[in-house]
Each structure stands twice: as C-alpha cells, then as structure tokens.
There are 2 protein chains.
Amino acid sequence: MKNKYLKSRDIMAQSKNVTFADIAKYTNFSKTTISRYFNDPNSLTVENQAIISDALEKLNYKENKVARILASGKTEFIGIIVPNLFLHYYSEILNQILSTYETFGYKFLVFVGNENEETERRYIQELLAYKIEGMIILSHTIPSIELASLQIPIVTIEREDRHVNSVNTDNYMGAIQATSLLARHNCDVLIHINTPTSEDIPAYDRIRGFKDFCEDNHLNHRIIIHEMERTHESASMHLRSILSELEQEYSGLKKGIFISNDTHANILLNLIVRKYGTLPDDFLIIGYDGSPVSKEAVIPISTVGQQIDKIAFEAVSLLVTQMDERKKRRPAPLREPVHKMITPVLIRRETTEDRD
Amino acid sequence: MKNKYLKSRDIMAQSKNVTFADIAKYTNFSKTTISRYFNDPNSLTVENQAIISDALEKLNYKENKVARILASGKTEFIGIIVPNLFLHYYSEILNQILSTYETFGYKFLVFVGNENEETERRYIQELLAYKIEGMIILSHTIPSIELASLQIPIVTIEREDRHVNSVNTDNYMGAIQATSLLARHNCDVLIHINTPTSEDIPAYDRIRGFKDFCEDNHLNHRIIIHEMERTHESASMHLRSILSELEQEYSGLKKGIFISNDTHANILLNLIVRKYGTLPDDFLIIGYDGSPVSKEAVIPISTVGQQIDKIAFEAVSLLVTQMDERKKRRPAPLREPVHKMITPVLIRRETTEDRD
DNA sequence: TTGTATGCGTTATCAT
DNA sequence: ATGATAACGCATACAA
C-alpha cells in the first residue's frame, strides 16, 4: 500500500518535491535513466535526452544534492576553521579560498575559531558529521599531531604544521627582502620589532631571516621582541615606549625598522608623524603582509606582500589532490607531509625612500 | 541475501562506517532505539542510555548528519552571499553571522558574489540544491523581487529590500547624528561627500538625513556626489580634487565634512595631513561605519559606528524565526516583509574636536 | 519504553 | 541503451 504513513514534512509549506521518480513516471523511463541523464548523458540517445530535459522544465525539477551525497558518499564539502576575520589577512585568505569554487567546485563550511581548544574540537566534529572531504585550518589552537590523527585530508596555512600538509609564505625570504632593502639605504642600525613568536610557526622565520642577514653582513642590528596584546590601544602604548627608547638610544643615527606586520607599522608611523608632522629622514620603516593599511597609511608604507591569492589557491589545490587520491581504489596516501612555500613580493613605498 | 552488491565505496580507504544498525546489533536494541538515544534520550531508561553510550565508545561511532538530513528534511544550513570580503564591513558581518552558530546551531555555506548576476544565480541554485533552510544576502546584484520568488526564508542586509525581510542600520539617524555633531561645533558650512547611490538602498538615507537636518535647521550646506571607483588610487585622486575645490570655495570658513565611509574619510584626512602636517582647525571630519581604519588613522577619525554584532544577530534571529515558522504544521508566512533597524552609535574622536 | 515498517532521493550493481 | 533493485544511514508513524 502506498503512502501508508503521512509524514509531517509532506504537509509542510514547501509541498512535495519533484524527484527522479516523478520524472521517470512522466517520461516512462526508469529512475536509473533519469540519473544517467545527469551523470552520464552520453549514454542516452539525443532524443531521449531532449525528452527528459523537457520533463525537467515542465515539472520544475530541483536537484537534491543531499540525497546524492548519501548515495555517492561525495559531499564536495571542505571545512574551514579560521581564527578570526578582523585581521585583513584572514578575511582575504578566506575570500580567496571561497573563490576557488569556480575552479574546483568544492563548497565551504566555515567556522570562526575562538582560541578555545574544546570549541574548535566541537567545530571539527560537526564538520566531520557533515562528511566533509577535507579541511583547511588557519587557526593555531589545535596541534598538528592531533589534526593528523583525524584521518582526513588537511592543509594548514601559516601555523604549526609538523604533521600535516601546509602552504606558507616564505617568511625567511620575506625577512631577507625587507632587511636587505633597509641595508641598501645604508642605515646605521637595523631594528626588527616583533611579538613573542613560537619557533614552530612559520612566522618565526621572519626573525631568523632578519638575524641571519644582519649577521652574515656584519650589520649593526637589534631585535626587539615585545608583547603587544591584540588591541590597538595597547599596541599603540607599547610602540610608543619602544619608539622613545629608539630615539634615545640611536639619536642622530639612521634607523631602518622592519616591523612584523603592517598594522603595527602603521601605528609606529602614526606616532612618528604625529610627533614630527612627517616621517623624518632618519627613520625607514617596512612592514609585513601587504594589507590595505600599508597602502592607505598617511605615508604609504613599504611592506613584504603576501601573495594571498596564490597561497589560497595552492592550499585548495593541494587539498584537492589528496581528496582525489582518496577516491581511487588503491589510494597512496602521502607518507611525508608536504609543505609548500609561496614567495612574498617586496613592495617599495615612501617609508623606505630616502627623503633627504 | 545480504550485501548482494558490493559498493566501490566500501572498499575505499575509510573502510566502513559504524551505523545505527551496528550499534543496534551490538546492544540488542533496534535502530529506532538508537535513534531515540540521540533525538529523545529521556524516552530511554537511564541504564539503557548508558549501555548505548558505552557501545558508541566501543565501536567508535561517528554521526552522519547527511543521512539525518535526508530522513528529517532539516539541514540546519543557511546560505550566505556576500559581495566581497576586502571591505571590513562585510568581513565583520560575516564574522558575526558565523559566530551565531553558538546560539542557533545553524551551519553556513558561504559564497562570495562577484557582481555578476548569472554567477550569483548559479550560487543560489547550488545553495538550494543543498537544501539550505534560509538565506542571508548582502550582495546587491539580484533584485529583491527575484529573491522573494525563491520561496525560501530570506533576510538581506543593507541592500535593496522592498520584497524581502531585512536588517539595516538606521542610516537616517546616523546621518542626523553626524550632521548635528558638526553643527554643534558651529561650522560655517556643512559638506556631505558621497558616491552615486540608488534611492532604494538603505544607505541613501545618509544623504537624506544630512539634507533634512541642514534644511530644518537652516544651515549652510553642500552635497557633493562623486564617483570614486573602487581603488584607493582613484578615490584618492577624486578626493584630492574635491579637497582643493573646497579649499578655494570655502577659504577661511570652518568646514564640517560628513563623508560616507571611513575609508574615504581616511584618505581625505591623509591628504590634508600630508599638506599641512596636521589637521587644521577649519576642518572637521566625520566618517561612517566605525571600521578599524577610523581608529587607526593618523588622527583618529570620528565616525558613525555600525553595530555590526547586533545587525548580524538580528539577521540570523529573524531568519530563524521564519525557518521555525515553516516547520510548523500550519505555517503562517509573513504577509509583509519585515525591515528591522539598528541604531548606529556616534563615535567622537579627534577629527571633530575643536583644536584651537 | 521499545520495536517494525516505511520513506527520504539519489547512486551503484547487475541484468537485459 | 535501459531497467529493476538494493543500498546510503537515519527519522518517523504507528503498533505493542
């Protein structure tokens, strides 16, 4: 007996959806043939394709990918966990990742982590429950060894990545580019300002690169590692004291400052401009990231530009490779994690031009 | 005969998933009881709950929400189409929307529109294929009448919204706040700078509010509508010429400038500071949005702060209400679109303080 | 409180 | 080239 039970869903507003069964009945084909129309149209005669095509129009068929997922096991979902979106770097990465839909067709389920391990674990479980095929992790909260244990393709971006695949900017090269630019301007002292950074995250190479370059070239240099917290106010406060210390210590000397991100570079620049009405000749500043603030600053700031579009594309691309591999009958999983490097691009603006 | 067919999926890497059937066999309950454990645990005895709970552990069960969706018809998916993520306003809105997961439990499928109608229609079809329960649209591309025809709960944010529900900032009030602040400082002339804006989008009320306030209070004023394009360079160029015109036209007069967004306010400010080394007393500037650039500018910029967290929360909340309504046996769909207003907050900073 | 039967809408397998 | 039928893993109406 058909429709012995009446499900509450059937009497809901959206009425009943048109399914393959309806199309089949209407066209006198089987459901299988309708399915073939979508997945292997060439196996049908052209006439029959036309018949089905018409029926779809007539009945106003809407595809249901949920059913397809259940039957095929392929969700075409990628999960993303991003630490936040107020830093331009992350929102732009997300932007570029989402844009790869046009290339790869994967859909993205996005979560914003909140620095809390348990919360992010819940997010991951939720993502797994939706049968995502792979994950891109930008959040730093969960150690890569734990991520690796999830047994699902994973790519991380600019975070600790010992046990998982990753795509990172070549931070070392970026630091070299920045430092050598300052050196070419014959600064009397090179200064690197950064926040406390764990040695196992890629950004630590910015410190390493600066140090190596200065030492290799016997340049007078100084590394200032200082906590800044996350607010503009506290960063501003800390940079103010760093600035006054620099002015005392290196009075009259030409100071080349490589500071670890554009936001902080902008704050430092503003402190100086507020004090002198301009950027004095004995200050050269270069930031890192190539974010809009560097261009929009009162004096456009030189910076090491991350190629975010490439980073994002490589990340998705690397993930897709693994996900494809997994769909083969005899998958050959990667034995060693792959770590891709994207070279940054030096962007020269006014803060490193000689103004005398 | 069991397992008459062997599906290729079963021999894939992930081996076979543990299902309710396995749990049922292991515990000697029926699949229904296992299902109840998840959906209505109190209908089981505490002992049996424990038995099942143990079995889940032992067998390492992972829930499959795709199957649940197919059976229940509820995806808990909300689709989002955002125009871009390089404007801080949009990335912050997205951030806040995603954060409502903790409150409402809905997951988000996110697409970045690219101003192309056909593309965005494809995105919408894809979202519908995944059986999203509702949509939040920030993109301006598709007219609200077309959105309304989709027969799915929709909320838009700060865009043309005649035929759909929406949440917007009270732009009119924001303009009043900004203009009256300038007025209180006894400016000789009030100037509003904006870009060409369609009358049917909420932001047009910024112009209307400025105009009404000035006329009602018989204030000398001027509205400058000028194309700026999307790049920093072109906006900078256009604002430079606007600035020089203002300096000629209103030389010696105290100028109160209300400019339509913080990014442009910052550019204008920088042009002035580059010229004079500071912001002269006869310039007062107030922006709109309350984005980070207003705080991080060389001289912190007064602005009309959008309460993005509230906007996002109200949008999701309004959407959830509709989605819930739809799940009732006798849904009472809204007859008229609902338009919620969020009042902005005036943020006073240095650019509107008297400096003489 | 628990179980049985049926359905959700597609894809995969085998057969013709 | 097409069809019949069994999955996919879970939820729900109804019975007990």
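Residue numbering restarts at 1 for every chain, and letters A, B, ... go by the order of the sequence lines.
- One can place NZ of B:K74 at 10 Å from P of D:dA11, the figure rounded to the nearest angstrom.
- Here the C1' atom of nucleotide C:dC8 and the CG atom of A:D22 are 13 Å apart, to the nearest Å.
- A donor-acceptor pair shorter than 3.5 Å can be found between the side chains of B:S30 and B:T33.
- The phosphate of D:dC10 (OP1 or OP2) has no side-chain N or O of B:N64 nearer than 4.0 angstrom.
- Side-chain proximity of B:R36 to D:dA13, D:dT2, C:dT13: nearest is D:dA13.
- Within 6.0 Å of CZ on A:R122 lie more than 12 heavy atoms contributed by other residues, nucleotides or ligands.
- The main-chain N or O of A:S53 is never found under 3.5 Å from a side-chain atom of A:E57 such that the two would form a donor-acceptor pair.
- Per the geometry, NZ belonging to A:K31 stands 11 Å off P belonging to C:dG7, to the nearest Å.
- In this structure, CD1 of A:I69 is placed 14 Å from P of C:dG9, rounded to the nearest angstrom.
- Annotation: of the two residues near DNA chain D, B:A67 and A:N28, the 5′-most nearest-nucleotide partner is A:N28.
- Nearest nucleotide to the side chain of A:T32, out of C:dT13, D:dG9, C:dT1: C:dT13.
- For B:F38 and D:dG9, the CZ to C1' distance is 12 Å, given to the nearest whole Å.
- Within 4.0 Å of A:T19, counting heavy atoms only, lie sugar-phosphate atoms of the nucleic acid but no base atom.
- Backbone-only engagement by A:T33 is indicated by non-hydrogen atom pairs under 4.0 Å involving sugar-phosphate atoms exclusively.
- At the heavy-atom level, A:K65 lies nowhere under 4.0 Å from the strands shown.
- Taking atom CD of residue A:E76 and atom P of nucleotide C:dT11, one finds them 11 Å apart after rounding to whole Å.
- Taking 4.0 angstrom as the limit, B:S30 places none of its side-chain polar atoms (N or O) nearer than this to OP1 or OP2 of C:dT4.
- The residue from A:I80, A:I81, A:L94 that alone fulfils the side chain to side chain contact (heavy atoms under 4.5 Å, CB included) condition with A:L138 is A:I80.
- Under 4.0 angstrom from either OP1 or OP2 of C:dT10 there lies at least one side-chain N or O belonging to A:Y61.
- Distance A:F20 CZ to C:dT10 P: 5 Å, rounded to the nearest Å.
- Taking the centre of each ring, A:F20 and A:Y37 stay at or above the 6.0 Å mark.
- Heavy atoms of A:F29 sit under 4.0 angstrom from primed sugar atoms or phosphate atoms, though from no base atom.
- Listed nucleotides D:dT2, D:dA11, D:dG9 differ in distance to A:L44; the shortest reach to its side chain belongs to D:dT2.
- With no hydrogens or angles considered, no side-chain donor-acceptor pair links A:E117 and A:T141 at under 3.5 Å.
- The side chain of A:N17 contributes no N or O atom lying less than 4.0 Å from OP1 or OP2 of C:dC8.
- When distances run from any side-chain atom of A:S72 to the nucleotides C:dT1, C:dT11, C:dG9, the shortest one goes to C:dT11.
- Residue A:K131 contributes atom NZ, which lies 18 Å from atom C1' of C:dT11 at whole-angstrom precision.
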